[in-house]
Chemist: 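Structure below; questions to follow.
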Amino acid sequence: MKMKKSLLSVVLMAVPLFSHAKGEIRSGQLWPDNHGVHVNAHGGGILYHRGTYYWFGEHKAENTSNAMVGVMCYSSKNLTDWKNEGVALAVSDEQGSDIEKGCILERPKVIYNAKTHKFVMWFHLELKGLGYRAARAGVAVADKVTGPYHFLRSQRVNAYRYPLNVTESEKAAMAKLQPKDYAEWWTPKWRRAIEKGLFLQRDLSTGQMARDQTVYVDDDGKAYHIFSSEDNLTLQIAELSEDYTFHTGRFVRVAAGGQNEAPAIFKKDGTYWMITSGCTGWEPNKARMFSARDIMGPWKQHESPCVGPKADLTFGGQSTYVLKVEGRRDAFIFMADIWRPKHPSDARYIWLPIDFKNGLPVVEWRDEWTLEYFKVDK
Ligand code: GAL
């Protein structure tokens, strides 16, 4: 009996090492939900609505990264205790559906439209069996924040539209670019052509490719879709329609040829900050950072915001979202995923506070921290 008791106390003492003790955020550890099961909401984002945070993310299966369930939703008032609200957007059993079970459905983000009172979910969609060739943006809507979300459509975006940030003469030069003249990839000549819009021109009639993505609602209620386009070589920022379910055709290219993925955006004191990753699939790489005074640019590139040990590999993770904490001053959380492609559901989360030093966002690893890190907003 005595022996059992001491064993039990050892086990109890060990628990905080592997899970989230009350109020603590422990990046890289298992994060049990209200059923004690690791949160399954990867490549996710968070919507704050009427006093509650809703975390939406990819449900990942044990042994495949394809979507077998859909988008999960979890809710929380304190950002550490998460209640499983179930499947927000379910993949379809119908053969040939755009979101057929087994498709690739990544990086879902939900925004609320105050005019239509609808919740709008955007995500990166790859049709079943086509690998990453489709490169589509998918959209679904719901009347209730937790869902069910009804799939509307998926498509490439802004067909026949040129970006706002090209001049007439650049447009004319772009129109002459032909992929057959640049058959050999990664040469300096090819890179220059990419920067000038080789792939944008190639995709003009089908619409632009849309892979890693996020959506952002600005203070004036306008929403923007930010995504890796042009074979993941160039980011595009595109304005969404008033109801947030279409693209208006107004968009800009950002960091042409810069190979950015995993965009996460936030705004502080009138400056937009965007943290991204490079393109190395499930392997971590060094984060990048950009800023702008206008969301449609121009955007300026900075050093990675990550500092300290393992900063060069974004602490083993890849950005997914920056969360603004309500009721705390200048409180933003950098959210990233530590992917485990051999055991996708075991992928872990990185949540770290963003500091501001000399006006620049800075992210440093912390084994554990609480929201007390941020000052209460008075
Ligand atoms: C990553 C991307 C992920 C997923 C993965 C597939 O670069 O950010 O969302 O698409 O590639 O290899």
Side-chain angles (χ1 to χ4, degrees), residues 39-46 55-72 89 91 98-99 102-110 121-138 154 156-157 199 208-215 225-237 254-255 257-265 274-290 304 306 312-322 334-350:
V39 170
N40 200 335
H42 309 275
I46 291 184
W55 178 353
F56 296 88
E58 304 159 30
H59 174 279
K60 291 245 182 242
E62 287 284 301
N63 49 18
T64 170
S65 290
N66 293 3
M68 307 311 287
V69 170
V71 177
M72 295 297 295
L89 171 69
V91 291
D98 282 9
I99 56 166
C103 66
I104 293 172
L105 198 166
E106 293 180 336
R107 299 184 175 272
K109 306 285 178 302
V110 172
M121 180 190 291
W122 281 92
F123 50 90
H124 164 206
L125 182 74
E126 298 291 349
L127 303 175
K128 186 176 175 181
L130 291 183
Y132 278 86
R133 283 203 290 285
R136 291 191 186 189
S154 78
R156 290 197 174 180
V157 302
F199 288 171
Q208 298 301 316
M209 296 172 106
R211 291 204 183 111
D212 278 14
Q213 63 114 49
T214 192
V215 276
H225 180 207
I226 301 150
F227 51 97
S228 299
S229 194
E230 305 176 31
D231 271 289
N232 297 348
L233 286 151
T234 297
L235 285 166
Q236 294 183 3
I237 300 185
V254 179
Q259 286 193 281
N260 287 279
E261 283 193 321
I265 188 171
M274 179 160 60
I275 301 174
T276 67
S277 75
C279 296
T280 51
W282 303 117
E283 294 299 321
N285 55 52
K286 190 175 187 172
R288 292 99 178 270
M289 185 164 69
F290 300 84
S304 161
C306 303
D312 278 357
L313 286 179
T314 317
F315 317 113
Q318 187 183 25
S319 45
T320 184
Y321 198 73
V322 172
F334 171 69
M335 291 168 53
D337 297 282
I338 303 175
W339 302 114
R340 299 251 161 105
K342 290 207 179 101
H343 188 180
S345 59
D346 192 39
R348 304 297 169 88
Y349 308 102
I350 293 177

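All ligand and atom numbering here is 1-based and tracks the order in the structure.
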Chemist: Under 30°, 30 to 60°, or over 60°: which ring-plane class applies to Trp282 and Trp339, parallel, tilted or perpendicular?
Modeler: perpendicular
Chemist: As a test of reading the model: which residues have a non-hydrogen atom less than 4.0 Å away from ligand 1?
Modeler: Glu106, Arg107, Tyr132, Asp212, Glu261, Gly281, Trp282, Gln318
Chemist: Quick one: ring-ring contact (aromatic ring centres under 6.0 Å, His included) partners of Phe227, sequence neighbours excluded?
Modeler: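 With neighbours one apart ignored, the set is His225.
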Chemist: Looking at OG1 of Thr320 and CD1 of Ile46, how far apart are the two atoms once the value is rounded to the nearest 0.5 Å?
Modeler: 9.5 Å
Chemist: For Ala262 and Asp212, work out which heavy atoms get closest and say how close.
Modeler: N-OD2, 3.0 Å
Chemist: If you apply the rule salt bridge (charged side-chain N to carboxylate O under 4.0 Å, His left out), what do you find for Arg211 with Glu106, and how did you get there?
Modeler: CA-CA 8 Å; Arg211 291 204 183 111; Glu106 293 180 336; over 6 Å; no
Chemist: Could you tell me which non-hydrogen atom of Ser228 sits nearest to which non-hydrogen atom of Asn260, and how far apart they are?
Modeler: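 Taking every non-hydrogen atom into account, OG-O, 2.8 Å.
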